[in-house]
Amino acid sequence: MTKKSLISGLNSQQKDAVLHTNGPLLILAGAGSGKTKVITHRFAYLTAAEKIAPTSILAMTFTNKAAKEMKERIESITKTSTKGLWIGTFHSLSARILRKEIDNIGYSSDFCIYDESDSGNLVRSILKEFKIHEALYRGISSKISSLKASLVGPDELLANEDSYGFDEKFARVYVRYQNELKKNNALDFDDLIMLTVKLCEEHPAVLKKYQKEFSHIMIDEFQDTNASQYRLTALLAGKQKNICVVGDDDQSIYKFRGAEVGHIRNFKKDFKKTKTIRLEQNYRSTQNILDIADSIIAGSPDRMPKKLWTDKGKGEKIYHCTTINEKEEARYIAQSIKELYLKGKYSYKDIAILYRVNQQSRVLEEAMREVGQPYKIFGGISFYQRKEIKDIISYLKVLANPDDSVSLKRIVNCPPRLIGTTTVTRVENEARKREEGLYKTMKHIITNSGYTNSLKDKLRDFVLMTEELIENRDINLSELIEMIYEKSGYLEWVEEGKVEILKELVSAAEGKDLRSFLDNASLFSGLDESGSEDSVSLMTLHSAKGLEFPVVFLAGIEDGLVPHFHAIKDPDELEEERRLFYVGITRAQDMLVLSGAKKRRLYTSVQEQQPSRFLTDIPSGCYHCIEKRPRGDAAISSSSVKIPVNLLNRSPFAAGARVKHPKWGVGVVRDTYGETDDVKVMVNFPSVGMKRLSLKFANLEKI
DNA sequence: AAACTAAAGCTTTTT
DNA sequence: GCTTTAGTTT
């Protein structure tokens, strides 16, 4: 690609951003302003025009999805593969550095990576041993995580006994946790970053090497960086300071995970001579939507000034609908979606319902079923978090790294081998005495006297099986997994219905090697979401960040939900709620509908709800209010039988079917209704628009 | 080891 | 309210 064509499709600010290749660059990228386009074109420009080696550019994102999109778009611009380049998430790229260098700080390079549940289990077993109430493990895990995110390791905590709200008991757990991780040859998510920082700080030669290697650095979603990530980027940017950060302080919504919006707001102070570029042209939303968004975010203090604009025109009206309760709200949304769909302009995948808490999805889901609209809820448990998958992954982890006692404990009695808690505790005590891992201790027990025969027999069976599997750990991974299913008896033991997903795991492993497969299993939250079917998307406001939809419904715009009642006391958290609302609004391209209920059931009690306080920041006249009262038939419809969505679409002329009419040609069925002997369908024909037809008379042909 | 009962949760969650 | 999980029973 030529130099010129790389910048030809860009607006002037985007061009400036691409062309500024030396020194720190801060790109304030408003919602929908084409930031990925800028990053990818900048990457291509650096390599094509500035002759920077692609391997010398470090491009870090937060999510695998963002990394994947970045790679794909770079590939399509440069027409070259991005394989082996330094494009990826903070965690995966850090892991890559550590695999090479971690022996410098006394770890082994074949470490395994613990996900949240693995480290949670480790914390729990420590609490148990320390006789601390086990149910506290969640809070303790998250405290450990946030300390690590702030680069406060156990040593730092002990060295500053008077800070961080020091608690001796907690400190003991923390120290022990970190020691156990090391014994298990394991790193948790936060270690991946924290230890990379430690590596760089304690080994200047290593740091220098990577500073030299990465002549240019780009960071996406910079407003989401936590202290350790910020330190890492600052270290790597080093003297060359060819660091380009892209983000939007208005969209900072992850403070609760350690993200500090100050990193982007103070970037210019930390990096002298930073050039700042604002991307303010929005290519996503109508002016009406941007006006609402602006009136909300304008009330945010300390923000970096920005004003989004569009040449799209005013667009559709924006609505705010109030209903008597959350069920009516859900029904209103589902009904509106149905009407919208029947008008034929939008398909289901163009529509999203966004909400503050997952709990809200329940009523919305119910209403969608009642009205018979297809939907998909995002953000449930992912493939790799399912119990059966985690079990098998644990087998693999043990085979790759027998020191991993957390995974070992997970599989030792699964399927049941009569090695229950008493036996495990017995082995654990022995392991502590011998200062060895569980697996080594088991091996010791079966070959030495002083233990009962029944204990030895049970453990011997398990160890022999494991040894056999370890011997085979280098064979084709799919075959290895099938061998685990067979030798462990797992496949026979597991419930009928679960066999299918175990088969999926085998095919997911096809052609991969054990180590990288395990890294991916920990570092990836799920398999690729197959988003091909036409359905409405339901998700939280948080998960919607980075996405866009032609039509967006924001449900539960009430005080207590947006802003959430946990966030109302603290001004900083309240501001984050405002930004969250802003993120929700700016997901919409053409149509935006806000809704709220007067009464809402939250847990046990029914609460009187007030409209969100943020709504008062919107000038009157910017949106239209609707007061929805339940109609007389509401009671009847709520008691009507719920028809599963998949049954609704069984007829050959179900919604979504493509049909051919002798006169009007090909069209798409949008709805069916009427009795079985006189079924009527609504068909959208591109030539003539929506038509109501009776199947009896219209000579429709399914194609 | 399955099956039951009691109890504790409960904001958001990129890795 | 409802779901998940820990603990107890058989």
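Small disclaimer: the values here were computed from a predicted structure and weren't measured.
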Worksheet item: B:dT12 base to A:Arg257 side chain: any donor-acceptor pair below 3.5 Å?
Response: no
Discussion item. I'd like to know if the side chain of A:Asp188 pairs up with that of A:Tyr177 as donor and acceptor (distance under 3.5 Å, no hydrogens or angles considered).
Written reply: yes
Fill in: Criterion side chain to side chain contact (heavy atoms under 4.5 Å, CB included) against A:Ile353, the qualifying member of A:Ile377, A:Leu364, A:Leu554
A:Leu364
Identify all pairs in which a protein N or O lies below 3.5 Å from an N or O of nucleotides 8-11 of chain B, and state each distance.
from   : atom 1 : to       : atom 2 : distance (Å)
B:dT11 : OP2    : A:Tyr603 : OH     : 3.4
B:dT11 : O4'    : A:His564 : NE2    : 3.1
B:dT11 : O2     : A:Arg356 : NH1    : 2.9
B:dT11 : O2     : A:Arg356 : NH2    : 2.5

Practice prompt. Check each residue of residues 111-127 of chain A for a non-hydrogen atom within less than 4.0 Å of any atom in DNA chain C, then write out the ones that pass by number, or none.
Written response: A:Arg124
Worksheet item: Which dot-bracket string fits DNA chain B when only Watson-Crick or G-U wobble pairs with both atom distances under 3.5 Å count, crossing pairs get [ ], and | stands for a partner on a different strand?
Response: ||||||||||.....
Discussion item. Using the salt bridge (charged side-chain N to carboxylate O under 4.0 Å, His left out) criterion, which residues pair with A:Glu201? Sequence neighbours excluded.
Written reply: A:Arg231
Discussion item. Applying side-chain contact (heavy atoms from CB on, under 4.5 Å), can you list everything that pairs with A:Asn401, at least two apart in sequence or on another chain?
Written reply: A:Cys112, A:Asn185, A:Asp403, A:Asp404
Worksheet entry | Integer angstrom distance from the P of B:dT12 to that of C:dT5 | 15 Å
Worksheet item: Taking only residues at least two apart or on different chains, which pairs with a member in residues 414-426 of chain A satisfy salt bridge (charged side-chain N to carboxylate O under 4.0 Å, His left out)?
Response: none
Fill in: Nearest-Å distance once atom P is located in both B:dT14 and C:dT3
22 Å
Discussion item. Using whole Å, what does the distance between atom P of nucleotide B:dT12 and atom CD1 of A:Ile377 come to?
Written reply: 13 Å
Item to complete: Using whole Å, report how far CD of A:Glu576 lies from C1' of B:dT13.
Response: 12 Å
Worksheet, complete the sentence: Taken in chain and number order and not counting sequence neighbours, the residues that satisfy ring pair (Phe, Tyr, Trp, His ring centres under 6.0 Å) with A:Tyr254 are A:Phe256, A:His542
Item to complete: Rounded off to whole Å, could you give me the OH-to-P distance for the A:Tyr254 and B:dT14 pair?
Response: 6 Å
Worksheet item: What is the distance from NZ of A:Lys68 to C1' of B:dT15, rounded to the nearest Å?
Response: 17 Å
Practice prompt. Sequence neighbours left out, what passes ring pair (Phe, Tyr, Trp, His ring centres under 6.0 Å) with A:Phe565? Give chain and number order.
Written response: none
Practice prompt. Using distance alone, with no hydrogens and no angle criterion, decide if A:Gln223 and A:Glu221 have a side-chain donor and acceptor under 3.5 Å apart.
Written response: yes
Worksheet item: Any side-chain N or O of A:Asn64 under 4.0 Å from OP1/OP2 of B:dT14?
Response: no
Worksheet entry | Contact interval (first through last nucleotide) of DNA chain C with protein chain A, 4.0 Å heavy-atom | C:dG1 to C:dA6
Discussion item. Applying salt bridge (charged side-chain N to carboxylate O under 4.0 Å, His left out), can you list everything that pairs with A:Glu134, at least two apart in sequence or on another chain?
Written reply: A:Arg124
Worksheet item: For the pair made of CD1 in A:Ile568 and P in B:dT12, what is the distance, rounded to whole Å?
Response: 16 Å
Practice prompt. Evaluate whether atom CZ of A:Arg515 has more than 12 neighbouring non-hydrogen atoms of other residues, nucleotides or ligands under 6.0 angstrom away.
Written response: yes
Item to complete: Report the distance from atom CD1 of A:Ile193 to atom C1' of B:dT14, rounded to the nearest whole Å.
Response: 12 Å
Worksheet item: Is A:Arg600 salt-bridged to A:Glu326, going by a charged N under 4.0 Å from an acidic O?
Response: no
Worksheet item: Please give, in whole Å, the distance from B:dT13 C1' to A:Gln385 CD?
Response: 10 Å
Discussion item. Under a plain distance cut-off of 3.5 Å, with no hydrogens placed, do A:Ser522 and A:Asp115 share a side-chain donor-acceptor pair?
Written reply: no
Fill in: Results of ring pair (Phe, Tyr, Trp, His ring centres under 6.0 Å) for A:Phe170 - residues two or more places apart only
A:Tyr174
Worksheet item: How many Å lie between CG on A:Leu418 and C1' on B:dA2, as a whole number?
Response: 14 Å
Worksheet item: Base, sugar-phosphate, or nothing for A:Ser543, non-hydrogen atoms under 4.0 angstrom?
Response: sugar-phosphate
Fill in: Residues that A:Phe549 engages under ring pair (Phe, Tyr, Trp, His ring centres under 6.0 Å), provided they are two or more places apart
none
Worksheet item: Is a salt bridge present between A:Arg331 and A:Glu328, judged by a nitrogen-to-oxygen distance below 4.0 Å?
Response: yes
Worksheet item: Can you check whether A:Thr89 has a side-chain N or O nearer than 4.0 Å to OP1 or OP2 of B:dT14?
Response: no
Worksheet item: Quick one: on DNA chain B, does A:Asn413 or A:Ser92 contact a more 5' nucleotide (nearest heavy atom)?
Response: A:Asn413
